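Structure first, then comments.
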Amino acid sequence: ENGPRLLVEAEQAKVFSHRGGNVTLPCKFYRDPTAFGSGIHKIRIKWTKLTSDYLREVDVFVSMGYHKKTYGGYQGRVFLRGGGDSDASLVITDLTLEDYGRYKCEVIEGLEDDTAVVALELQGVVFPYFPRLGRYNLNFHEARQACLDQDAVIASFDQLYDAWRGGLDWCNAGWLSDGSVQYPITKPREPCGGQNTVPGVRNYGFWDKDKSRYDVFCFTSNFN
């Protein structure tokens, strides 16, 4: 009797695509038809992107009745799939590297609301990078620009972890998108944390983005 009158669900917690492709982020909602006032309020659907540190949300798309609004770099690239009255799925076209991440689908009806989260994964490659000056010469901001210069973006921890599972082994520590400094080791050895340590992604923690200098791990997708 006191349960939720509006339920939002994602059929898949994770979807895969590549740069330049199109993707549908699944989201459906279910309403209690016997709830008092059901049908009086217009359904409001809002999609936001969660930042890697989860401290804020970036507006992507909002829809309420005939009113629709798209934000930022998503303009002209996103729309609701419209597969039925309970379908809140979002279609993103011409995917960019920056589209990678977690998205929140929120449905609001009057005082009732619920959310679901979908992760958008891009198929691509993670690669370590340092400038010709040599290793450990980039602060965080320079590292981000260095990746852009290579037609890439700074890799996330999840992307680096997947690359490590695929066999990436690199002894130099590099920046990741959340501001941490880490490196993947598949073959433990003395110069890289010790021969008797276990394989894994070594974490140096978070460092000053202006003063600290390391290499960087970049990610690109659908490259030539």
Side-chain angles (χ1 to χ4, degrees), residues 14 16-19 48-60 71-74 95-104 117-224:
K14 186 180 295 187
F16 296 85
S17 190
H18 56 83
R19 177 166 55 169
T48 55
K49 184 181 181 185
L50 306 175
T51 56
S52 57
D53 55 13
Y54 289 94
L55 294 179
R56 65 187 183 92
E57 299 177 11
V58 177
D59 290 335
V60 175
Y71 297 86
Y74 294 97
L95 288 168
T96 70
L97 295 176
E98 290 78 10
D99 291 338
Y100 166 88
R102 291 177 174 84
Y103 291 79
K104 185 175 78 173
V117 175
V118 183
L120 170 57
E121 299 277 349
L122 294 181
Q123 297 162 332
V125 63
V126 171
F127 60 94
Y129 177 83
F130 59 83
R132 294 183 179 182
L133 294 172
R135 65 197 291 263
Y136 296 173
N137 268 293
L138 300 170
N139 66 24
F140 178 80
H141 311 290
E142 293 166 342
R144 181 167 54 189
Q145 184 59 50
C147 287
L148 291 175
D149 292 342
Q150 312 307 312
D151 190 30
V153 292
I154 296 187
S156 69
F157 169 78
D158 289 341
Q159 289 170 332
L160 182 64
Y161 181 77
D162 288 342
W164 167 74
R165 290 183 63 187
L168 181 61
D169 182 280
W170 195 255
C171 201
N172 293 0
W175 292 103
L176 295 179
S177 60
D178 61 1
S180 66
V181 176
Q182 309 193 38
Y183 64 99
I185 293 297
T186 58
K187 301 173 183 176
R189 50 201 183 275
E190 284 308 319
C192 307
Q195 189 171 357
N196 297 323
T197 57
V198 297
V201 179
R202 307 273 194 261
N203 190 346
Y204 276 18
F206 295 89
W207 291 81
D208 190 306
K209 292 182 178 181
D210 296 310
K211 299 178 181 178
S212 300
R213 294 188 173 272
Y214 291 96
D215 294 346
V216 63
F217 290 96
C218 303
F219 172 84
T220 193
S221 172
N222 198 26
F223 58 94
N224 292 323

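The residues of the chain are indexed from 1 along the displayed sequence. The model shown is predicted, which means the values in this text are computed figures rather than measured ones.
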Check Leu176 against Ser156 and note the closest heavy-atom contact, atom names and distance.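 In terms of heavy atoms, the two residues are closest at CD2-O, 4.2 Å.
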For Asp59 versus Tyr74, what's the shortest heavy-atom pair and its separation?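 In this case the closest contact between Asp59 and Tyr74 is O-CD1, 4.5 Å.
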Mind checking what makes side chain to side chain contact (heavy atoms under 4.5 Å, CB included) contact with [X], not counting sequence neighbours?
X: Asn196; answer: none
X: Ala173; answer: Tyr136, Val181, Tyr183, Tyr204, Tyr214
X: Phe16; answer: Lys14, Glu121, Gln123
X: Phe130; answer: Trp170, Asn172, Asp215

Tell me which pairs pass disulfide (SG to SG under 2.5 Å) where either residue lies in residues 155-188, with sequence neighbours left out.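 For residues 155-188, and leaving out neighbouring residues, the disulfide (SG to SG under 2.5 Å) pairs sorted by first residue read Cys171-Cys192.
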Enumerate the disulfide (SG to SG under 2.5 Å) contacts for residues 119-165, please, sequence neighbours excluded, ordered by first and then second residue.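 Checked against disulfide (SG to SG under 2.5 Å) - neighbours excluded - the pairs reaching residues 119-165 are Cys147-Cys218.
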Can you tell me how far the [atom1] atom of [X] sits from the [atom2] atom of [Y], to the nearest 0.5 Å?
X: Asn139; Y: Lys211; atom1: CG; atom2: NZ; answer: 12.0 Å
X: Ile154; Y: Phe217; atom1: CD1; atom2: CZ; answer: 11.5 Å
X: Leu97; Y: Asp151; atom1: CG; atom2: CG; answer: 6.5 Å
X: His141; Y: Asp210; atom1: NE2; atom2: CG; answer: 4.0 Å

Listed by chain and number, what are the salt bridge (Lys or Arg N to Asp or Glu O under 4.0 Å) partners of [X], not counting sequence neighbours?
X: Asp162; result: none
X: Lys104; result: Glu57
X: Arg213; result: Glu142
X: Arg189; result: Asp169

Kindly write out the residues that satisfy side-chain hydrogen bond (donor to acceptor under 3.5 Å, both in side chains) with His18, not counting sequence neighbours, or none if the list is empty.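 Counting only residues at least two positions away or on another chain, His18 forms no side-chain hydrogen bond (donor to acceptor under 3.5 Å, both in side chains).
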Taking only residues two or more places apart in sequence, or in another chain, which ones meet Asp99 in a side-chain hydrogen bond (donor to acceptor under 3.5 Å, both in side chains)?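 With neighbours one apart ignored, the set is Arg77, Thr96.
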Between the side chain of [X] and the main-chain N/O of [Y], is any donor-acceptor distance below 3.5 Å?
X: Arg102; Y: Leu50; answer: no
X: Thr51; Y: Arg56; answer: yes
X: Glu190; Y: Gln195; answer: yes

Check the pair Ser180 / Asp178 against side chain to side chain donor-acceptor pair (under 3.5 Å), numbers first and verdict last. CA-CA 6 Å; Ser180 66; Asp178 61 1; 2.6 Å; yes
Do the ring planes of Phe219 and Tyr100 sit parallel (below 30°), tilted (30 to 60°) or perpendicular (above 60°)?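 The rings of Phe219 and Tyr100 sit tilted, inter-plane angle from 30° to 60°.
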Test Phe140 against every option in Trp207, Trp175, Phe206 by the ring pair (Phe, Tyr, Trp, His ring centres under 6.0 Å) rule and name the one that passes.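 The passing option is Trp175.
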Side chain to side chain, [X] and [Y], heavy atoms closer than 4.5 Å:
X: Val125; Y: Thr220; value: yes
X: Ile185; Y: Thr197; value: no
X: Ser177; Y: Val153; value: no

Applying side-chain contact (heavy atoms from CB on, under 4.5 Å) to Val216 and Gln150, what does each step give before you reach the verdict? CA-CA 12 Å; Val216 63; Gln150 312 307 312; over 6 Å; no
